[in-house]
Amino acid sequence: CKHTQKKRVHGAVKLSEGPMPIFDPEFDEFCDEYAKSLAEKSGDPWILGHFSDNELPLKENDILNRYLTLPSKDPGHMFAVKWLTERKRMFDFSDDDNAEFCSEIIARYYRIVSTAIKKYDPNHLYLGTRFHGFVARQSCTFEACSPFVDVISLNYYHHWTPEQDWLDRCAATSDRPLLISEWYAKGDDAEGCDNSNGAGFIVPTQKDRGAFYENFTIGLLRNPNVIGWHWFRYLDKGGNMGILNSSYEPYTPLVEAMQRINTKIYSLSDYLLTDSSSVFPDKSETVN
C-alpha cells in the first residue's frame, strides 16, 4: 500500500506514525494478493491458524486525530471528516465519539483481512493481531473485531499472575476464546544477553524464569476462556527471551519447569477448573 513507509513503528509491516491505510482503494486488493500464499498450506494439519499482524495502533483516545492529521486528499482523512460531519462533531468530539470511530476502524480492518484469509484458507483459525497494552483494555477492541476473528490473541506483560477478571471480560465482550500470544521473563544470569530491551520481567536466575512460567500458566489453566499460550521466543535474540540460548543450548531449569506443566496440562486444567476451590479459594492470588 502506498501509505506504508520505511520507518519502523507499528505492526509487522512497520507502518509510519500515521494510521493504517485501510481506506486506500488498493487496500482490499493488497490483502487479497498477500493472502494467496495461504492456499498452499490450507490442508496442513499442523497449523492452528494465522495472525495477520502484531500490536496494531488502535488506541481509541488518539485514532481519530491520527486520521484527521493525514493530508486532506488522503482517503482516511476524508473518511474521518465525513464521519464527523454526519454526526455534527467536526470541532467538538467526545470520548464516546473516539470509541465509536475506533470501532469503525477495527471492524473495517478485520472484515477486509479475515475475508482475504478465509478465502484462501478456510480450514484454519484467524487468530487476530495480538492486542497489547491500552488496546487490550478498551471494550471497543473486542466488540468490533469479534464478528471476524475466531480467537482473541493477547500479548500479556507486567503481571506475575494472570488477572482472572480481565480475562473473563475479554472473553465475555468478544464471545471468543483467548490465546496468550506473547509473554516471557528474562534471567539476569544469562551470559552475553542485554536485558535492557523488551517488555518481559527481569528475574535473577533461570530457575526464577521457570517459576514464573509455572505460576503464570497455572493461572491461565484456571480460566476456561484461555485455550493456550505462546512463550515469546524459542531462541534468544538480544535479551534472554528464549528457551534456548544463541548457541541452541536449552536453559535447563526453564525447560524442566515447562515440562512439568506441559506434560500434565489436561489433568491440571481439569483439576483447576473443578476441584481447586478448597485449595485455591482466591483465584486471583499468586500461586507460590
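Numbering starts at 1 and runs along the sequence shown.
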Quick one: does any side-chain atom of Asp32 pair with a main-chain N or O of Ala116 as donor and acceptor, under 3.5 Å? no

Heavy atoms, side chains only, cut-off 4.5 Å: are Ile243 and Tyr184 in contact? no

Got a sec, which residues hit salt bridge (Lys or Arg N to Asp or Glu O under 4.0 Å) with Lys73, two or more places apart in sequence or on another chain? none

Which word best sums up how the rings of Phe101 and Tyr67 line up, parallel for under 30°, tilted for 30 to 60°, or perpendicular for over 60°? perpendicular

Walk me through whether Phe131 and Cys145 qualify under side-chain contact (heavy atoms from CB on, under 4.5 Å). CA-CA 11 Å; Phe131 298 127; Cys145 78; 3.9 Å; yes

Take atom CD of Glu191 as the centre, draw a 6.0 Å sphere, and report whether it contains more than 12 heavy atoms from other residues, nucleotides or ligands. no

Between Ala80 and Leu64 the two heavy atoms that sit nearest each other are CB-CD1, 4.1 Å

With heavy-atom distances below 4.5 Å as the criterion, would you say the side chains of Phe148 and Ile106 are in contact? no

Would you tell me whether Asp96 and Ser94 have side-chain atoms, one donor and one acceptor, within less than 3.5 Å of each other? no

Leu268 and Ile261: CA distance, side-chain angles, deciding distance, side-chain contact (heavy atoms from CB on, under 4.5 Å) verdict: CA-CA 8 Å; Leu268 277 170; Ile261 294 292; 4.0 Å; yes

With a 3.5 Å distance limit and no angle check, can you tell me whether Gln164 reaches the backbone of Gly219 through a side-chain donor-acceptor pair? yes

Should the heavy atoms of other residues, nucleotides or ligands under 6.0 Å from OH of Tyr234 be counted, would the total exceed 12? no

Not counting sequence neighbours, which residues clear side chain to side chain contact (heavy atoms under 4.5 Å, CB included) with Arg233? List them please. Lys237, Met241

If you look at every heavy atom in Val149 and Arg176, which pair is closest and at what distance? O-NE, 2.7 Å

Show the nearest heavy-atom pair for residues Asp53 and Arg130, with the distance to one decimal. O-CD, 3.7 Å

Kindly say whether the aromatic ring centers of Phe201 and Trp183 come within a distance under 6.0 Å. no

Would you mind reporting whether Phe23 and Leu70 have side-chain heavy atoms less than 4.5 Å apart? no

With sequence neighbours excluded, tell me which residues meet side chain to side chain donor-acceptor pair (under 3.5 Å) with Ser181. Asn155

With sequence neighbours left out, write down each residue that passes salt bridge (Lys or Arg N to Asp or Glu O under 4.0 Å) with Asp62, or none if nothing qualifies. Arg66

Please enumerate all residues that pass side chain to side chain contact (heavy atoms under 4.5 Å, CB included) together with Arg137, with sequence neighbours excluded. Tyr156, His159, Glu163, Trp166

Which residues share a side chain to side chain contact (heavy atoms under 4.5 Å, CB included) with Ile202, sequence neighbours left out: Lys186, Asp188, Asn195

Look at Lys41 together with Asp121 and state whether they make a salt bridge at an N to O cut-off of under 4.0 Å. no

Apply salt bridge (Lys or Arg N to Asp or Glu O under 4.0 Å) to Glu33 and list each qualifying residue two or more places apart in sequence or on a separate chain. Lys36

Between the side chains of Asp189 and Tyr251, does any donor sit under 3.5 Å from an acceptor? no

Distance from Ile117 atom CD1 to Ile112 atom CD1, nearest 0.5 Å? 12.0 Å

Taking every heavy atom of Cys31 against every heavy atom of Val113, the minimum-distance pair comes out as SG-CG2, 4.1 Å

Gap separating the NE2 atom of His132 from the OG1 atom of Thr129, nearest 0.5 angstrom: 10.5 Å

Do any N or O atoms from the side chain of Asn123 and from the backbone of Ser42 form a donor-acceptor pair under 3.5 angstrom? yes

Taking the side chain as everything from C-beta on, heavy atoms only, tell me whether Leu167 gets closer than 4.5 Å to Asn225. no

Do Thr217 and Met258 touch side chain to side chain, with heavy atoms closer than 4.5 Å? no

Closest contact, heavy atoms only, Phe142 versus Cys170: CZ-SG, 3.6 Å

Tell me which one of Ser174, Ser146, Pro177 satisfies side-chain contact (heavy atoms from CB on, under 4.5 Å) with Ile152. Ser174

Going by the salt bridge (Lys or Arg N to Asp or Glu O under 4.0 Å) test, which pairs reach into residues 106-115, not counting sequence neighbours? none

Treating Asn240 as the side-chain partner and Cys193 as the backbone partner, does any N or O pair qualify as donor plus acceptor under 3.5 Å? no

Once side chain to side chain contact (heavy atoms under 4.5 Å, CB included) is applied, do any residues pair with Arg260, and if so which ones, sequence neighbours excluded? Glu214, Glu256, Ala257

Taking it one step at a time, do Tyr110 and Ser52 satisfy side chain to side chain donor-acceptor pair (under 3.5 Å)? CA-CA 9 Å; Tyr110 287 98; Ser52 61; 5.9 Å; no

Heavy atoms, side chains only, cut-off 4.5 Å: are Asn262 and Tyr213 in contact? yes

Please check this pair: side chain of Lys118 against backbone of His124, looking for a donor-acceptor N/O pair closer than 3.5 Å. yes

Between Arg209 (side chain only) and Ala185 (backbone N and O only), is there a donor and an acceptor less than 3.5 Å apart? yes

Whichever hydrophobic residues join Leu127 through chains of side-chain contacts under 4.5 Å: Leu48, Phe51, Leu125, Val151, Leu179, Ile227

Can you find a pair of side-chain heavy atoms, one from Thr141 and one from Thr173, that are under 4.5 Å apart? no

Closer than 3.5 angstrom, by distance alone: can the side chain of Asn215 be matched with the main-chain N or O of Phe212 as a donor-acceptor pair? no

Residue set satisfying salt bridge (Lys or Arg N to Asp or Glu O under 4.0 Å) with Asp97, at least two apart, ordered chain then number -> Arg89

Can you name the residues that form a side chain to side chain donor-acceptor pair (under 3.5 Å) with Asp175, not counting sequence neighbours? none

Quick one: do Ser267 and Asp270 satisfy side chain to side chain donor-acceptor pair (under 3.5 Å)? Show the steps, please. CA-CA 5 Å; Ser267 58; Asp270 289 343; over 6 Å; no

Heavy-atom closest pair, residues Ser153 and Gly128: OG-C, 3.9 Å

Is the backbone of Asn61 close enough, under 3.5 Å, to the side chain of Gln138 for a donor and an acceptor to pair up by distance? no

Roughly how far, to the nearest 0.5 Å, is the CG atom of Leu68 from the CE atom of Met78? 13.5 Å

Please tell me if the side chains of Tyr126 and Thr115 come closer than 4.5 Å, counting only heavy atoms from C-beta onward. no

